[in-house]
Asks: 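If you scroll down you'll find the structure; I have some questions about it.
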Amino acid sequence: MSALSQRIAALGHGFVSMITGLGAFARLFGAILARSGVVLRRPRLTAQQVHFIGNHSLLIIGVSGLFVGFVLGLQGYYTLNRYGSEEALGLLVALSLTRELGPVVTALLFAGRAGTSLTAEIGLMKAGEQLAAMEVMAVDPIRRVLAPRFWGGVIAMPVLAAVFSMVGVLGGWFVGVVLIGIDPGAFWSQMQGGVDVIDDVLNGVIKSLVFGVVVTLIALHQGWTARATPEGVSRATTRTVVSGALAVLGLDFLLTALMFAH
Amino acid sequence: MTREKTDFWVGLFIMLGLVALAFLALRAGNMSSFSFTPTYRVQAHFDNVGGLKIRAPVKSSGVVVGRVAAIGFDNQRFQATVALDLEQPYAFPKDTSASILTSGLLGEQYVGLTPGGDDKNLADGGTIEFTQSAVVLEDLISKFLYSSAEKEGTKAGPDAGGAAAQAAGH
């Protein structure tokens, strides 16, 4: 009987701590938003973070986009060829990239490339008691450290996703038109006929913006709540990638259902 | 890294993002087909619009002359009301007829305009009187089945195909 009640208590404890975690997450989000005036007052801080998060991620995003485009071109050609409609390859590549792969794969890479470094940086600041020292000097660490990083990530993510999609479309064009020899006119005109600026391109940008907010916030939250030990920081970094990826994939399903269901 | 250098690279990064978005909108998307020429609106009533969608092209002789602006249902006439935005330089006679056609076997549906011979032209807010509905595949099949069954009944041939062949031979 006591074993059973312990199980039930453990379940309850897990549920309560999950809700508490969500609450702490939402409160950190609110605290960052409330202190976002620093972005306008000291834009240099945010620019530095855009440089750190965005520019340094360009290489991995560009190369990944190129190869995803190559593979989409090859696989799409293989399937479309059976139905004699290879010209639709451009449409297939552009729609898959702008709607899904661009925002989602970029967000996954972003969690791995930029999210981990944000978590580790803040976790180590906390372990080295730099954040506590800031508070002693009456500098608000959320204002000075978290808010610029948050907005840096939110600005960088849609840019990276757009670059990913563009490079991917060019990769699909290279495989389809240059290597396989699909008619370039049909390739582009089918693409332009089927990709809508608002329904597809703009919705993709909205998706990438949402993913940027979520992934950056998860990374900051994990660093902010990490235990101030080497092990705690390493765990927080792992959790950033795991929860970031899960949040992106789950949200992607929700957003897709909302945007493209009609 | 100095401040100016950081600023420069961040500016370049943002510019790259804008270029990528412009590429997606203009080269991959249909932004370039958005026309900003002034348009005038005319109405047309159809018995059945089939799979016609908003922003579908309006073509005359195969050339795009406008877009479908809105599709609604008129509860007085029990017909679909389609609003067409025609581009200003193109003028059509008042007795122009509109029909809903399909590009290719499985392609998208569009509105085709066939000009009439009236002296007066359609103006903003005008109505196209002569319309032809979209072809619905089920209706077509049921008509075919009905007519072949009828033939079978009158000729009492061995099968519908044979009856049709006989009818064609006569």
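The basis for the numbers below is simple: all heavy atoms, side chains too, and nothing from hydrogens, waters or symmetry mates. Numbered from 1 within each chain, the chains take letters A, B, ... in sequence-line order.
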Asks: What part of A/T98 lies closer than 4.5 angstrom to a heavy atom of chain B: side chain, backbone, both or neither?
Replies: side chain
Asks: Does B/Q79 CD have over 12 foreign heavy atoms under 6.0 Å away?
Replies: yes
Asks: Mind ranking A/V50, A/V195, A/L202, A/V205 by heavy-atom pairs under 4.5 Å with chain B and telling me who comes out on top?
Replies: A/V195
Asks: Determine the minimum heavy-atom distance between A/R44 and B/D7, stating which atoms define it.
Replies: NH1-OD2, 2.5 Å
Asks: A/V163 versus chain B, heavy atoms under 4.5 Å apart: side chain, backbone, both or neither?
Replies: both
Asks: Heavy atoms only, distances under 4.5 angstrom: which of A/G193, A/A156, A/G90, A/G204 has the most pairs with chain B? Name it, please.
Replies: A/A156
Asks: List the atom of A/N55, the atom of B/W9, and the distance in Å for their closest heavy-atom pair.
Replies: ND2-O, 3.0 Å
Asks: With the side chain counted from C-beta on, respond yes when B/F13 and A/L160 share a heavy-atom pair under 4.5 Å apart, and no when they do not.
Replies: yes
Asks: With no hydrogens and no angle check, is any side-chain donor or acceptor of A/Q192 less than 3.5 Å from a backbone partner on B/R27?
Replies: yes
Asks: Check whether more than 12 heavy atoms from other residues, nucleotides or ligands sit under 6.0 Å from atom OH of A/Y83, and answer yes or no.
Replies: no
Asks: Which pair of non-hydrogen atoms, one from A/V201 and one from B/L24, has the smallest distance, and what is that distance?
Replies: CG2-O, 3.9 Å
Asks: With chain B, which of A/G102, A/A47, A/A94 has the greatest number of heavy-atom pairs at distances under 4.5 Å?
Replies: A/A47
